[in-house]
2 protein chains.
Amino acid sequence: MSNDITISLQEAETLSKTLLLNNGFSQPHADAITRSVIAAQRDECHSHGLYRLIGCVQTALNGGVDTNAVPSIKDQAPSVVKVDAHKGCSLLAFELGKPLLVEKAKQNGIAALAINNSFHFSALWPEVEALSAEGLAALAMTPSHAFVAPAGGTLPLFGTNPIAFSWPRPGGTPYTFDFATSVVARGEIELHRRAGKAIPHGWAMDSEGNSTTDPVAALAGAMLPFGSYKGSALSTMVELLAGPLIGDLLGHETQAANADKTGKPFHGELIIAISPETFLGKDAESHLKHAEVLFEAIQGQGARLPSQRRFEARERSQANGVTFPKALYDELIALAAQ
Amino acid sequence: MSNDITISLQEAETLSKTLLLNNGFSQPHADAITRSVIAAQRDECHSHGLYRLIGCVQTALNGGVDTNAVPSIKDQAPSVVKVDAHKGCSLLAFELGKPLLVEKAKQNGIAALAINNSFHFSALWPEVEALSAEGLAALAMTPSHAFVAPAGGTLPLFGTNPIAFSWPRPGGTPYTFDFATSVVARGEIELHRRAGKAIPHGWAMDSEGNSTTDPVAALAGAMLPFGSYKGSALSTMVELLAGPLIGDLLGHETQAANADKTGKPFHGELIIAISPETFLGKDAESHLKHAEVLFEAIQGQGARLPSQRRFEARERSQANGVTFPKALYDELIALAAQ
């Protein structure tokens with residue numbers, strides 16, 4: 001007997017919205033959060049799927065997110081939109097800021113959206129993909145709680161600071177990547193800890209600054225940036241551009257949030273959108289077609305594009321619904337009934 | 001007896017300009033190339049310093065760069081400047097496009113400069129640092145000849161595709177990084193070959209797609225991206241944004257240039273400039289100061305900032321002049337006398 005359950009995307013969506021509304025989230029927040037969580041579940045990114053609703057509700061109960069916050073939009077400059085999330089979830093802030101970002105990017109060629117004072121728990125790829133669906137290339141970044149040591153250091157300072165990028169492909173799914181600037185996601189180390197398994201050298205240091213294979217010591221110590229000093233430099237860039245540039249916090253200043261599970265203090269996110277049509281004018285079509293040469297050359301030598309697995313999962317889920325553990329389903333149903 | 005020579009920065013500058021003028025470069029090109037080469041020599045980045053003049057002149061003799069090209073500037077969109085280098089060196093194109101880029105970034109918050117049809121041989125950090133000197137954050141990238149296999153592949157496809165970033169620091173040198181998205185620079189493998197030394201596993205594959213420690217086999221095979229699939233994804237982004245987005249070539253399409261040393265075909269570069277003052281208004285000063293907290297925390301735990309070694313060299317050179325092999329000096333003097 002399988003321990004999994006399969007439900008349609010429609011059912012999953014209804015479940016998510018009911019759960020959020022019954023736990024105090026306003027309709028606009030419930031809708032925006034549901035769109036992100038269902039997109040992740042559909043693409044079989046389980047850690048950012050329905051599972052995340054449990055933590056999201058817990059954070060709300062702990063007072064770590066304003067479930068009724070109404071984001072305010074500021075037209076900061078011809079190519080800059082700022083959205084103050086007012087301690088609400090980042091997802092509604094993104095959705096409300098997006099139309100003006102798209103307009104500015106198409107008008108001016110390149111534009112940025114800064115989100116401030118937000119509770120952030122989601123993957124970045126749904127946001128950059130939403131911009132590629134508008135024909136734009138997009139780059140997004142956010143600093144998260146301080147778990148990662150700078151290259152050459154031994155103490156946690158940077159967040160796992162993800163970077164996501166998407167490029168619009170004519171008539172198909174976009175080229176998209178979304179990765180942490182740490183060697184692995186923190187969840188990977190958690191999984192090893194729960195399974196009682198050693199982690200490989202090169203993932204983390206213990207609190208003495210020595211390389212460790214013990215996941216418990218790693219979680220108490222510091223994770224390592226990917227690619228040594230290069231990943232460390234990129235992580236610094238994320239801190240600067242999605243922190244001080246937009247008038248928000250550095251990753252290590254959000255650290256308290258991890259200790260008490262409240263999600264506080266709130267922090268920022270930066271999204272840059274670029275319009276190939278504005279850069280290229282009438283030649284846009286031929287150059288977007290030209291970009292396909294690169295993807296064909298990557299796949300032609302047997303390498304995969306970054307989101308290929310996710311897009312294959314998407315097709316499966318759209319045809320057959322989403323499959324996940326029955327125990328999670330029961331937990332979500334109980335939470336929705338509150 | 002030392003095999004080195006020390007000359008003042010002024011002497012180095014005069015030598016560079018004389019050499020370029022006597023080998024057919026126009027005064028504006030000689031000036032722009034000299035500024036970049038001298039900056040690199042001053043910072044003890046020897047591979048991008050005076051040494052590069054030899055290759056630059058050789059490329060000109062081979063017809064691989066138009067030494068008299070006059071770049072043309074196009075105000076493409078409110079936040080986009082395009083400069084066609086007309087088969088000239090990228091450095092003059094950058095200098096001529098910079099004032100409008102700075103103006104647009106300050107006016108609109110974020111702006112981009114696309115350089116097309118250029119011969120590109122220089123480091124990117126002098127350009128992003130020139131923008132930080134104007135109070136801007138800046139990101140630059142360019143695809144280069146195809147030496148690097150995508151993660152999961154075995155054949156050269158990507159350039160070593162460098163990314164450079166700079167952040168303006170109040171009253172000091174900027175925070176700057178500039179690195180190839182390959183594990184190491186190609187020159188590193190060349191140095192091992194010349195010294196008859198093995199390279200470590202993880203740098204490159206032979207032409208059969210097997211990991212190799214033989215530098216000769218590595219140079220005939222494919223280099224690896226840094227950080228596996230993450231560096232590979234960033235390298236793809238560089239190809240797209242400094243290629244099709246700006247209507248220019250992909251890295252592997254510039255490959256012929258390596259075979260015949262002409263530098264042809266010409267390719268592109270993208271520079272993005274961001275104005276903290278426009279993002280932050282009257283709060284800019286306090287948030288730029290806040291960014292310093294991050295640098296202090298990095299250095300406070302004994303880690304170094306990316307360009308620290310370079311800035312220390314800069315101080316030495318400004319005080320004492322630049323020191324380099326006498327043999328190189330003699331070669332430059334001979335080339336300048338032509």
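Quick note on labels: first sequence line is chain A, next is B, and so on, each numbered from 1. Note that the structure is a prediction, hence the values are computed from the model and not measured. Quick note: numbers below take in every heavy atom, side chains included, and nothing from hydrogens, waters or symmetry partners.
- If you tally non-hydrogen atom pairs under 4.5 Å between each of B/G109, B/P150, B/A137, B/A77 and chain A, the highest count goes to B/P150.
- Neither the backbone nor the side chain of A/S228 comes within contact range of chain B; no heavy atom of the residue lies under 4.5 Å from a heavy atom of that chain.
- Panel note: side chain A/K230, backbone B/G227; no donor-acceptor pair is recorded below 3.5 Å.
- Interface residue A/E253: only side-chain heavy atoms are found under 4.5 Å from chain B.
- Neither the backbone nor the side chain of B/K289 has a heavy atom closer than 4.5 Å to any heavy atom of chain A.
- The two atoms that bring A/Q76 and B/T278 nearest to each other are NE2-O, 3.1 Å, heavy atoms only.
- Using a 4.5 Å heavy-atom threshold, the side chains of A/L234 and B/F165 count as separate.
- The salt bridge (Lys or Arg N to Asp or Glu O under 4.0 Å) check on A/E134 picks up A/K98, with sequence neighbours excluded.
- The two residues A/A151 and B/A303 make their nearest non-hydrogen contact at O-CB, 3.5 Å.
- At a 4.5 Å heavy-atom cutoff, the contact between B/I274 and chain A is made by side-chain atoms alone.
- Atom CG of residue B/L240 and atom NE2 of residue A/H290 lie 10.5 Å apart, to the nearest 0.5 angstrom.
- Between A/A297 and B/L157, the closest heavy-atom pair is CB-CD1, 3.5 Å.
- At distances below 3.5 Å, not a single donor-acceptor pair connects side-chain atoms of B/E239 with backbone N or O atoms of A/L294.
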Requested in this report: Test A/F226 against B/F226 for ring pair (Phe, Tyr, Trp, His ring centres under 6.0 Å), laying out the working first.
Outcome: CA-CA 9 Å; A/F226 93 99; B/F226 91 100; 5.2 Å; yes
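- In this structure, CG in A/D283 is found 13.0 Å from CD1 in B/I246, a value given to the nearest 0.5 Å.
- Interatomic distance, CE of B/M237 versus OH of A/Y175, reported as 9.0 Å (0.5 Å rounding).
- At a 4.5 Å heavy-atom cutoff, B/S286 makes no contact with chain A through either its backbone or its side chain.
- Annotation: salt bridge (charged side-chain N to carboxylate O under 4.0 Å, His left out) contacts involving residues 169-178 of chain A, sequence neighbours excluded, comprise A/R169-A/E292.
- Across A/L245 and B/F279, no two heavy atoms sit closer than the pair O-CB, 3.4 Å.
- Once rounded to the nearest 0.5 Å, the distance linking CG of A/L139 with CD1 of B/I272 reads 7.5 Å.
- In terms of heavy atoms, A/A233 sits closest to B/F179 at CB-CE2, 4.1 Å.
- Counting all heavy atoms, side chain and backbone alike, B/L280 lies closest to A/P244 at CD1-O, 3.3 Å.
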